[in-house]
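Report on the structure given below.
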Amino acid sequence: RVLRKYRKSNQRLLLFDFEGTMVEQDPNQPFPRPSQETLAILETLCADPRNVVVVLSGKRKEILEKWFGRIANLNLGAEHGYCFRFGANSKFLRQCLIRESSGN
């Protein structure tokens, strides 16, 4: 049923958590890399203009850029959402967190 709806949809947002979802967390390997199979799947998903694909991670932006930077149309969220890159041809942007004054 999900696959049928996926095929029929005109717009899709696909969010993938890197640590623990795309790769297994292993205390003996602090920087697990995405497999070639994972990269190929992301490339296929990003090639479909109906898909907006985002990989989210707590890793530094430089690491994500190294691993995923060549994939066209892939959006990346690094450093737990502090930095975002929208597509392979853009640079990472830092998100500004605004603290509201409570009036005290």
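Atoms considered below: every heavy atom in the structure, side chains included; atoms not considered: hydrogens, waters and symmetry mates.
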- Item | Salt-bridge criterion met for R70 and E43 (N-O under 4.0 Å) |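 Yes, this pair counts.
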Less than 4.5 Å apart, any side-chain heavy atom of [X] and any of [Y]?
X	Y	answer
K61	F84	no
E19	S57	yes
N75	V52	yes
F68	V55	yes
L13	V54	yes

Where the side chain of [X] meets the backbone of [Y], is there a donor-acceptor pair that is under 3.5 Å apart?
X	Y	value
R85	A78	no
N51	C46	no
R50	R12	no

Enter the distance from [X]:[atom1] to [Y]:[atom2] here, rounded to the nearest 0.5 Å.
X	Y	atom1	atom2	value
L74	L45	CG	CG	9.5 Å
T38	F18	OG1	CZ	8.0 Å
E62	L64	CD	CG	9.0 Å
K59	C83	NZ	SG	15.0 Å
L42	I71	CG	CD1	5.0 Å
W67	M22	CH2	CE	10.5 Å

message: Please evaluate residues I41 and L39 with respect to the criterion side chain to side chain contact (heavy atoms under 4.5 Å, CB included), reporting the C-alpha separation (whole Å), side-chain torsions for both, the decisive distance (0.1 Å), and the verdict.
response: CA-CA 5 Å; I41 291 168; L39 295 172; over 6 Å; no
